[in-house]
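As the structure lists them, so they are numbered: ligands from 1, and atoms in each ligand from 1. Everything numeric in this text was worked out from a predicted model, so none of it was measured.
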Amino acid sequence: MTLHKPARPKGLFVRTYGCQMNVYDSERMAEALAPEGYAQVASPEEADLILLNTCHIREKAAEKVYSEIGRLKALKVARPGLKIGVAGCVAQAEGEEIAARAPAVDLVVGPQSYHRLPALLARAEAGGLAIDTEFPAEDKFDALPARPRAARGPTAFLTVQEGCDKFCAFCVVPYTRGAEVSRPVTRVLAEARDLVERGVREITLLGQNVNAYHGAGADGDWSLARLIGALAEIEGLARIRYTTSHPCDMTDDLIAAHGAEEKLMPYLHLPVQSGSDRILKAMNRKHTAGSYLRIVERLRAARPDLLLSSDFIVGFPGETEADFAATLALVEAVGYGQAYSFRYSPRPGTPAAERPDVDPAEADDRLQRLQALLARQQRARQEAMVGRDATVLLEKPGRLPGQMVGKSEHLHAVHVATEAPRGTLLPVRITASAAHSLAAAPRLA
Ligand code: SAH
Ligand code: SF4
Ligand code: F3S
């Protein structure tokens, strides 16, 4: 008599690099592979399939992938059936070069074709490299399996827009993600309702240029502001955020929504990149420092406590000390609560990569000066919260017993002494400010 072993679920390990869009895609890739018998595991050692969901934005990000593959290939000796796949923006940008540089890779899939993962995996299992970096005609979201009904945590990302038509001179995104596409209104609303039914209280709408959203509705294209208005009507959904936005798409209705829509949180990531009009022009940004400052002014008129965040690139080709001084002046004028700053990294295929570099030591020095100023502003904004009231959406237990961590309206991480469960919107009083988080005590309503 032969005993039939129950089919063991195959192990899937996904490692995510890059932006929030990749976080969302990683979830959807895992869901696409569930019908094939894959369940997520906690470490690469337990996996039958390892997917690296990669980022191509700066050289360092892209190079990380190759060192990771270098480490992972040793696992193939112990697990001969193990497959390694590269997904995301490096997959799209480098395609077959990846397999040439890293023969341990079995599968390469771009960010617009991962709905075809099951077929690709079958090809990889049959032997040889399986690669799909097409921008397919079909909408991958339509082709993906329905999302599982499992309960989930209080916060979720929801991609509503993909790709970019802006072609900033430094950026690979228009090449790795393709042209701007918005998901239809009904699909977005259905996915949001489903998330809320599964326990989600806060949704962050995602897109490489999310405020350029123009999804098809029953009566023509909808703007992001109108979409936010419709989402706000979902009962049980408490908070809405969106990222990332381009200054040129900060339309009147969206600015007004920051004043009118209670569920829209007072936080906005609005990258400016530089404060010098000469550099902004060379970057092909199509806004000036002045036009950006006017948008900030109007946003603050609509929502005085809005916390602003931004991205900066330092050492862009041709940047002089005077250009950099203009960036510092813009930062002083805005007063950011949060920001990311990067040294310019030349990317293959982008126009700026052809231009002469700024002296690396000079660029590093500017980056340090900018980061010192941004850190001072971030700390000042956090410290200004002490003594104030806030509401925290509890996400997980803190490091100490009897403590929970969550985010305030302004996206500050807040530690609260409370036994309340995750998913609770807890009124608190902020009591202290540490390096990267706030402490708070529950407030009796
Ligand atoms: N779509 C968003 C940002 C996408 S990339 C926007 O338009 O704002 C995230 C950030 O990475 C950018 O805002 C920019 O500051 C930075 N970045 C992009 N390309 C870069 C490069 N070649 N070198 C250094 N930083 C870069
Ligand atoms: Fe890149 Fe510019 Fe598009 Fe943002 S707007 S994704 S920085 S090209
Ligand atoms: Fe990176 Fe691609 Fe996002 S290049 S930042 S993962 S869109």
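Contact of the H412 side chain with the K407 side chain is not registered, since no non-hydrogen atoms from C-beta on lie closer than 4.5 Å. In this structure the side chain of P266 never reaches within 4.5 angstrom of the side chain of H258, judged on heavy atoms. Side-chain contact between C164 and P174 is present, with at least one heavy-atom pair separated by less than 4.5 Å.
Heavy atoms of V173 come nearer than 4.0 angstrom to ligand 1 in no pair at all.
Shown in contact with R343 at under 4.0 Å from a heavy atom are these atoms of ligand 1, numbered in order with element: 24 (C). Annotation for ligand 1: atoms under 4.0 Å from non-hydrogen atoms of R285 are 7 (O). Here is the list of ligand 1 atoms found below 4.0 Å of a heavy atom in R58: 11 (O), 16 (C), 17 (N), 23 (N), 24 (C), 25 (N), 26 (C). Less than 4.0 angstrom separates some heavy atom of P271 from each of these atoms of ligand 1: 8 (O).
Side-chain contact of D311 with H269: a donor-acceptor pair under 3.5 Å is present, judged by distance alone. A donor-acceptor pair shorter than 3.5 Å cannot be found between the side chains of S309 and Q338.
Note on R369 versus D365: salt bridge recorded, some NZ/NE/NH1/NH2 to OD/OE distance being below 4.0 Å. Salt-bridge formation is not detected for the pair D253/R226: no Lys NZ or Arg NE/NH1/NH2 atom is positioned less than 4.0 Å from an Asp or Glu carboxylate oxygen. Between E321 and R366, at least one side-chain N (NZ, or NE/NH1/NH2) sits under 4.0 Å from a carboxylate O, which counts as a salt bridge.
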- [ ] Please report the C-alpha distance between K83 and E36 in whole Å, then the side-chain angles of each, then the deciding distance to 0.1 Å, and finally whether the salt bridge (Lys or Arg N to Asp or Glu O under 4.0 Å) criterion is met.
- [x] CA-CA 14 Å; K83 298 278 177 262; E36 308 299 308; over 6 Å; no
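A distance of 6.0 Å or more separates the ring centres of F13 and Y38. Side-chain rings of F170 and F342 stay apart, their centers remaining 6.0 Å or farther from each other.
Between R347 and ligand 1, not a single N/O pair is under 3.5 Å apart. Residue S345 places at least one N or O, backbone or side chain, under 3.5 Å from an N or O of ligand 1. Taking distance alone, with nitrogen or oxygen atoms compared against 3.5 Å, Q208 approaches ligand 1 more closely than that limit.
Cation-pi geometry between R101 and Y66 is met: under 6.0 angstrom from the ring centre, within 45 degrees of the axis.
The nearest heavy-atom contact from the protein to atom 18 (C) of ligand 1 is I57 CG1, 3.4 Å. What sits closest to atom 9 (C) of ligand 1 on the protein, heavy atoms only, is D311 OD2, 3.6 Å. With hydrogens left out, the protein atom closest to atom 6 (C) of ligand 1 is T244 CG2, 3.9 Å, a heavy atom.
With hydrogens and angles disregarded, a donor-acceptor distance shorter than 3.5 Å links the side chain of N53 to the backbone of N22.
Within the 4.0 Å heavy-atom criterion, both parts of F170, backbone and side chain, lie near ligand 1.
Within the 4.0 angstrom cut-off, atom 20 (C) of ligand 1 has one or more protein heavy-atom neighbours.
For the pairing with S274, the side-chain contact (heavy atoms from CB on, under 4.5 Å) check across D323, I313, T327 returns one residue only, T327. The side-chain contact (heavy atoms from CB on, under 4.5 Å) with L195 is formed by just one residue from the set V200, I234, L237; it is V200.
Within the protein, the number of N/O/S atoms found under 2.8 Å from atom 2 (Fe) of ligand 3 is 1.
Protein N/O/S atoms closer than 2.8 Å to atom 2 (Fe) of ligand 2: C168 SG.
Taking only non-hydrogen atoms, the option from M21, Q273, R177 nearest to atom 14 (C) of ligand 1 is Q273.
Counting non-hydrogen atoms of other residues, nucleotides and ligands closer than 6.0 Å to CD of E96 gives a total of 12 or fewer.
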